[in-house]
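Quick one: structure below, then a few questions.
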There are 2 protein chains.
Amino acid sequence: MKVFFILIELKNNMETLDNTDKTILRILQRDSKKTAKEIANLLNLTVSPIYERIKRLESRGFIEKYVAIVNNKLVNLPITAYCQVSLQSHGESFIDKFENQIKNLKEVQECYHMAGQVDFLLKINMPSLEDYHEFMRSKLSKIDNIGVLNTTFSLKVIKHTSEYYL
Amino acid sequence: MKVFFILIELKNNMETLDNTDKTILRILQRDSKKTAKEIANLLNLTVSPIYERIKRLESRGFIEKYVAIVNNKLVNLPITAYCQVSLQSHGESFIDKFENQIKNLKEVQECYHMAGQVDFLLKINMPSLEDYHEFMRSKLSKIDNIGVLNTTFSLKVIKHTSEYYL
DNA sequence: CCTGAAAACTACTGGCT
DNA sequence: AGCCAGTAGTTTTCAGG
């Protein structure tokens with residue numbers, strides 16, 4: 001009964017995203033500095049409805065946050081590594097412990113628990129390959145319960161966006 | 001001579017990032033809606049230097065853009081797939097062609113040319129597994145020159161941020 | 001969804017150390 | 001060079017219709 005209720009809630013959230021809301025989300029995903037006035041002009045509306053819709057998109061959780069995207073090369077983090085991790089033991093407590101340790105590593109920008117042979121996929125930013133080596137030696141390999149580590153490096157970014165298609 | 005000049009430019013960019021600049025970047029990476037006034041209060045400064053520093057960080061390219069982060073589940077894209085792609089032929093023209101075709105796929109949020117056995121790593125957002133199946137069938141497999149495709153799905157996001165550590 | 005108006009912020013100037 | 005103070009112009013925010 002409770003699950004049924006939640007499903008209805010989600011459905012309402014989706015249904016009330018009309019084309020105007022979607023357009024606003026598309027614009028703000030690209031450039032969150034666009035003012036309500038600019039968006040209003042694009043949609044042939046006044047600022048009030050745009051403002052109210054943005055506030056509703058925020059309060060309903062569609063917009064999670066607003067962030068500045070920083071250039072990784074200019075801040076001396078040109079190396080992007082993807083590291084596949086397999087654990088030795090797969091008990092619940094082992095997995096939780098691993099996740100908590102990973103969360104505290106500032107070098108790890110992303111971490112997913114994956115389906116398949118490999119348990120976790122990590123995205124790691126580094127100043128250099130030597131730094132990555134040192135990171136594995138002094139931090140990653142110190143984490144308990146790691147079985148296999150397999151790293152590949154990004155040679156070139158073909159595409160990289162935080163936008164979702166709507 | 002030209003390369004030498006560019007290197008000097010980069011060096012200057014790095015050197016002139018003092019602790020105040022780094023703190024500003026850290027704050028704006030977390031929440032770009034923080035006003036110059038709020039940041040000024042945190043750093044015991046007035047709005048003018050904060051404002052000027054932000055503008056300089058933008059014009060020098062340290063801040064690439066400001067974006068809204070949208071909740072992928074609420075916009076009906078709960079499935080995140082990582083797809084490893086190996087090409088059949090690795091000539092320059094083949095790679096360029098593949099990259100251009102990938103860029104035009106809205107479902108592909110990220111794509112990297114990788115070192116190692118696998119040529120490309122793709123991050124793909126989908127409403128459902130059935131949609132992913134259809135995407136592979138009707139779009140991905142239609143791209144020329146693809147050798148092996150290997151997909152794994154994210155079961156849980158442990159960590160996911162656009163922040164770089166400074 | 002509109003008009004309109006107050007509060008807040010941005011963006012700029014000039015002057016200080 | 002970098003910071004402060006003050007101000008014009010926008011933008012945000014929130015009334016009432």
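Below, chain A is the first sequence line, B the second, and so on; all start at residue 1.
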Margin query: Using whole Å, what does the distance between atom C1' of nucleotide D:dT12 and atom NZ of B:Lys37 come to?
Written below: 14 Å
Notebook entry, point to check: Which value, rounded to the nearest 0.5 Å, describes the distance between A:Leu43 atom CG and A:Ile27 atom CD1?
Noted result: 5.5 Å
Check: Which of residues 23-30 of chain B sit near DNA chain C, with a heavy atom under 4.0 Å from it?
Finding: none
Note to self: Within residues 39-57 of chain B, which residues have any heavy atom lying less than 4.0 Å from an atom of DNA chain D?
What the structure shows: B:Leu45, B:Thr46, B:Ser48, B:Pro49, B:Arg53
Notebook entry, point to check: By side chain to side chain contact (heavy atoms under 4.5 Å, CB included), which residues pair with B:Asn150, not counting sequence neighbours?
Noted result: B:Gln84
Next item on the list: Measure the spacing between CD of B:Gln101 and SG of B:Cys111 and express it to the nearest 0.5 Å.
Entry: 11.5 Å
Note to self: Going by salt bridge (Lys or Arg N to Asp or Glu O under 4.0 Å), name the residues that satisfy it together with A:Asp119, two or more places apart in sequence or in a different chain.
What the structure shows: none
Margin query: Can you classify the ring geometry of A:His160 versus B:Tyr112 as parallel (below 30°), tilted (30 to 60°) or perpendicular (above 60°)?
Written below: perpendicular
Next item on the list: Measure the spacing between NZ of A:Lys159 and CG of B:Asn100 and express it to the nearest 0.5 Å.
Entry: 11.5 Å
Notebook entry, point to check: Is A:Lys55 salt-bridged to A:Glu52, going by a charged N under 4.0 Å from an acidic O?
Noted result: no
Notebook entry, point to check: Say you draw a straight line from CG of A:Leu25 to CD of A:Gln29; how long is it, rounded to the nearest 0.5 Å?
Noted result: 6.5 Å
Note to self: One pair to check against salt bridge (charged side-chain N to carboxylate O under 4.0 Å, His left out): B:Glu134 and B:Arg137. What are the steps and the verdict?
What the structure shows: CA-CA 5 Å; B:Glu134 187 54 29; B:Arg137 223 174 55 84; 3.3 Å; yes
Item checked: Between D:dT10 (C1') and A:Lys34 (NZ): distance, integer Å -> 16 Å
Note to self: Could you measure the distance from the CG atom of B:Asn125 to the CD1 atom of B:Ile79? Nearest 0.5 Å is fine.
What the structure shows: 10.0 Å
Item checked: Span of DNA chain C, from the first to the last nucleotide whose atoms fall under 4.0 Å of chain B heavy atoms -> C:dC9 to C:dC12
Next item on the list: For DNA chain D, produce a single dot-bracket line, 5' to 3'. Pairs: Watson-Crick or G-U wobble, both distances under 3.5 Å. Symbols: ( ) within strand, [ ] crossing, | other strand, . unpaired.
Entry: .||||||||||||||||
Checklist line | Over 12 non-hydrogen atoms of neighbours within 6.0 angstrom of NZ in B:Lys106 | finding: yes
Margin query: Students often mix this up, so state it plainly: with edges at 30° and 60°, are the rings of B:Tyr132 and B:Phe153 parallel, tilted or perpendicular?
Written below: perpendicular
Notebook entry, point to check: Are any of the side-chain heavy atoms of A:Asn71 and B:Phe62 separated by less than 4.5 Å?
Noted result: no
